[in-house]
Amino acid sequence: MGEIPKRWKGVCMEGPDFKKSDCNRKLIGARYYNVMHASNGNNTTQMRVDKSPRDTVGHGTHTASIAAGAIVANASYHGLAQGTARGGSPFFRIAAYKVCSEDGCPGSTILKAIDDAVKDGVDIISISIGTSAFLQPDFLKDPIAIGAFHAEQMGVIVVCSGGNEGPDPFTVTNAAPWIFTVAASNIDRGFHSKVLLGNGRIFQGSAINFSNLTRTETYPLAYGKDIAAKYSPIPEARSCYPGSLDPEKVRGKIIVCFDGFPVVSRTIKKLVAEDAKAKGLILINENDESAPFDSGPFPFTEVGTTIGYKILKYINSNKNPSAIILPTVEIPRIKPAPVVAYFSSRGPSVLTENILKPDIMAPGVAILGAVTPKDEEESALDGEKPGGYALDSGTSMACPHVTGASALVKSVHPKWTSSMIRSALMTTANVYDNMRKPVTNSSASFATPHEMGVGEISPVKALNPGLVFETTTEDYLRFLCYNGSPEKTIRSMSKTKFKCPTKSSDDLISNINYPSISISKLEKSKGFLTIKRSVTNVGHHVTYTSTVQAPMGMKVKVLPKKITFLENVKRVSFKVLFDGSEASSGYNFGSITWSAAQYSVRTVFAVNVE
């Protein structure tokens, strides 16, 4: 890479395991903060500060490599997902800001790191951090939202993960309109581990396991409730709850459990089986969870309820049921893909339903990324040299895909604002899967904008979007007024003398110049509701024509139907009129598309009819 730009003001902080010389033309900044965390030693728990920018968990390394990792040939995770690894923008530079310890991420630290990053001269901030949807504070009490607002004021794009609390609605986080909020999807690559029953039947499960079991050997098969410890409640034993199984009955068997008790993770269930000397674990997932679990060398696979009940029927109808779990095999060109990930948090936001969130979707299931040496040691297999990469899932992995895509657009259009880059990616997003059908969710239903935002990122298309929606700082300040924030607090936070409009109400948020439209309440008896938008021409055509894709019963009009950019006119306004008098109650989804030659500029809408 070339010389580090002179505008870069960042530093590489030293620690016991990190020297300034560890930075280079790729990794140009590394900061850590005094985050306390618990440390166990000499039978006592002490609070200490890890004074090093080194990543101790692996999460930051993985996400950074997805966003801007260099091109690495022959990368894989113990032979899985083998190929050339590259970040979204492999020629962008990386600065790392370590704001978390293993005990969490203090809000004050996040704020300080965002301020430092902006002062250092970053172009894009990628934040794969978030709180629970039900604990998230208001926008002006949320450190990520406040920090991101200041970054936005300074022209820095902030991309955030939308959360992993799906598939329930109202779970999306990091939902401020100045944040680019990302949902997660699968990709067209699966990791399957087969179960061979003693009667010859074969079932396909989902897993990442590197077991050394083969087809030539089978082991006794038992259902959790049949091998319960004395006095254990059946619901606990059938779910591999810690302490619920009798180790003597488990030893040497492959056991079958349900994925009940959400508080007991798949990791814990695997440890329960492993500690009791089980030969393997078949987990029946009643929710069709879409992210394969990494069990290392322990034989593990996960099946849906249909297959699960067939396995249980086999156990109940045989005196000596047996099975084998085979190691994982990579399956390419999976269909359909993309599919909204089961865990991906859904909209609308609990803080306001008048901004559509999440914004966009990107790959977040079983994504290959770089890992730290400590992580490698923990996941190392006997006799194998660690390969530097691992597979991980979450909106944490989806977020840096969008960061990389944003960096690509920024590199081609360096003078574009963050809202222009976000708009370019949103209006060109893909809404069809690799079967040329509308994108679905993990339940095989058509995905809604509350699940996938405007669709899956399509970075190359975003380089030439034709039109963009510019959202200004004034738009965001008006949003805060409409959302009920006191004018005094808004002025203090934004360091401006901004005055709230005389009329401020939540429903006016729908008129913020955003690339999507959301209306939290459209009364059937009130007739047409008018929403305003304006677009900026960044393409080569002067005339665009609108087409509407509206749900049954909803009337949607665009005025004017045709927009023309006259000489020296770069920005044009239009109105969208919604009438839900004959529409179904609840949320209705559709889109408005402006077309001209090769351009197709799509605005998604979500309208709640009452």
Side-chain angles (χ1 to χ4, degrees), residues 62-63 65-67 69 71-88 90 164 166-167 182-194 204-209 285 288-294 301-304 327-344 358 360-369 389-405 408 425 428-448 451-462:
H62 199 273
T63 53
S65 72
I66 293 168
I71 297 168
V72 178
N74 205 30
S76 76
Y77 180 47
H78 301 303
L80 294 177
Q82 193 155 19
T84 299
R86 67 189 296 279
N164 302 326
V182 187
S185 66
N186 77 345
I187 58 176
D188 62 347
R189 177 179 66 203
F191 298 101
H192 293 167
S193 172
K194 288 179 179 175
Q204 193 158 264
S206 170
I208 298 169
N209 84 63
N285 192 318
D288 295 325
E289 192 162 340
S290 53
F293 173 68
D294 183 356
T301 195
E302 194 165 8
V303 297
T328 294
V329 174
E330 180 182 336
I331 309 295
R333 294 180 287 282
I334 290 280
K335 290 183 179 182
V339 171
V340 181
Y342 174 85
F343 58 77
S344 186
I360 205 162
M361 185 169 73
V365 174
I367 303 302
L368 190 74
Y389 283 81
L391 296 160
D392 209 347
S393 300
T395 54
S396 283
M397 285 69 240
C399 168
H401 279 86
V402 175
T403 304
L408 174 67
L425 284 160
T428 58
N430 182 30
V431 291
Y432 293 97
D433 62 26
N434 56 2
M435 297 171 72
R436 297 184 180 178
K437 293 179 179 176
V439 169
T440 55
N441 58 28
S442 55
S443 301
S445 304
F446 290 144
T448 73
E451 297 173 308
M452 64 172 181
V454 296
E456 179 93 349
I457 54 166
S458 185
V460 175
K461 274 204 260 178

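Worth knowing before you read on, the calculation uses all heavy atoms, side chains too, and leaves out hydrogens, waters and symmetry mates.
Residues passing the side-chain hydrogen bond (donor to acceptor under 3.5 Å, both in side chains) test with D433: none are found, sequence neighbours excluded. Listed by chain and residue number, H192 satisfy the side-chain hydrogen bond (donor to acceptor under 3.5 Å, both in side chains) test with Q204 (two or more places apart in sequence, or in another chain). Residues meeting the ring pair (Phe, Tyr, Trp, His ring centres under 6.0 Å) test with F191, sequence neighbours left out: none. Partners of D188 under the side chain to side chain contact (heavy atoms under 4.5 Å, CB included) rule, at least two apart in sequence or in another chain, are A337, N434. Looking at residues two or more places apart in sequence or on another chain, you find a side-chain hydrogen bond (donor to acceptor under 3.5 Å, both in side chains) between S193 and N209. Checked against side chain to side chain contact (heavy atoms under 4.5 Å, CB included), I71 has the following partners two or more places apart in sequence or in another chain: T84, R86, P90, F91. Judged as a side chain to side chain contact (heavy atoms under 4.5 Å, CB included), and not counting sequence neighbours, the contacts of A429 are I360, V454. Remark: E456 pairs with no residue by the salt bridge (charged side-chain N to carboxylate O under 4.0 Å, His left out) rule, at least two apart or across chains. Under the side chain to side chain contact (heavy atoms under 4.5 Å, CB included) criterion, T428 pairs with K461, A462, P465, sequence neighbours left out.
Using modelled atom types, no side-chain atom of N285 and backbone atom of G304 make a donor-acceptor pair closer than 3.5 Å. Of the possible donor and acceptor atoms, one in the side chain of E330 sits under 3.5 Å from a partner among the backbone N and O of A81. No side-chain donor-acceptor contact under 3.5 Å links S344 to the backbone of A341.
Shown here for G369 and H62, the closest heavy-atom pair between the two residues is N-NE2, 3.2 Å. Smallest separation of non-hydrogen atoms from A362 and V402: CB-CG2, 3.8 Å. In plain terms, the two heavy atoms of V365 and P292 that are nearest each other are CG1-CD, 3.8 Å. Scanning all heavy atoms of the two residues, the minimum distance from P358 to A183 falls at CG-CB, 3.8 Å.
The CG atom of D294 sits 8.5 Å away from atom OG1 of T328, with the distance rounded to the nearest 0.5 Å. Here the CZ atom belonging to F293 is positioned 11.5 Å from the OG atom belonging to S206, to the nearest 0.5 angstrom. With rounding to the nearest 0.5 angstrom, the NZ atom of K437 is 8.0 Å from the CZ atom of F446. Rounding to the nearest 0.5 Å gives a distance of 15.5 Å between OH of Y389 and CG of L80.
Under the 4.5 Å side-chain criterion, counting only non-hydrogen atoms from C-beta, I331 is not in contact with R189. A heavy-atom distance below 4.5 Å is not found between the side chains of L425 and S458. You'll find the side chain of I208 reaches within 4.5 Å of the side chain of L391, heavy atoms only. Using a 4.5 Å heavy-atom threshold, the side chains of V439 and Y432 count as separate. Counting only heavy atoms from C-beta outward, the side chains of P363 and I187 approach each other to under 4.5 Å. Under the 4.5 Å side-chain criterion, counting only non-hydrogen atoms from C-beta, M397 is in contact with I66.
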T301 and K194: side-chain contact (heavy atoms from CB on, under 4.5 Å), yes or no, with the steps?
-> CA-CA 7 Å; T301 195; K194 288 179 179 175; over 6 Å; no
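For residues 394-403, the set of pairs meeting the side chain to side chain donor-acceptor pair (under 3.5 Å) definition, not counting sequence neighbours, comprises H59-S396, S126-T403, N164-T395.
For the 3.5 Å distance criterion, the side chains of Y342 and N441 fail to qualify, holding no donor opposite an acceptor.
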